[in-house]
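These values consider heavy atoms only, across backbone and side chains, with no hydrogens, waters or symmetry-generated copies.
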Amino acid sequence: MTTTEYTKRCRIFCPEELEERARKLAAFSVSAATNGNTIALFTMLVLQEILEQLAADPATNLTGIVAVSASIASLNNSIQLIDP
């Protein structure tokens, strides 16, 4: 079940599931980089959930959509790729 499906079913925000997804995505790095990547990926996943909600009414939420998209792009630049 995806985070979105779980959230829709429960009608609550599920940060634990997003944290687990972020940890899996950041598992390729080492220590400090792993922590930074985990935080960045977790935040990106939270922002993705917010973006999905904003996209339900794009005409009204255009400013928010642009701001959240810019934040996701900025966080993407902070991800560190580390040679194993």
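Going from atom CE of Met44 over to atom CG of Asn76 covers 4.5 Å, rounded to the nearest 0.5 Å. Distance check, rounded to the nearest 0.5 Å: CD1 of Ile50 to CD1 of Ile72 gives 8.5 Å. Going from atom CD of Glu17 over to atom CG of Leu45 covers 10.0 Å, rounded to the nearest 0.5 Å.
Side-chain contact between Thr43 and Leu47: present, with at least one pair of heavy atoms (C-beta onward) separated by less than 4.5 Å.
Between Leu75 and Ala40, the shortest heavy-atom distance links the atoms CD1-O, 4.2 Å.
Proximity of a side-chain donor or acceptor of Asn61 to a complementary backbone N or O of Ala56 within less than 3.5 Å is not detected.
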Donor-acceptor contacts under 3.5 Å from residues 62-71 side chains, at least two apart:
{"residue": "Ser69", "atom": "OG", "partner": "Ile65", "partner atom": "O", "Å": "2.8"}
{"residue": "Ser71", "atom": "OG", "partner": "Ala67", "partner atom": "O", "Å": "3.1"}

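The cluster map of Ile, Leu, Val, Met, Phe, Trp and Tyr, joined by side-chain heavy atoms under 4.5 Å apart, puts Val46 and Ile39 in different clusters.
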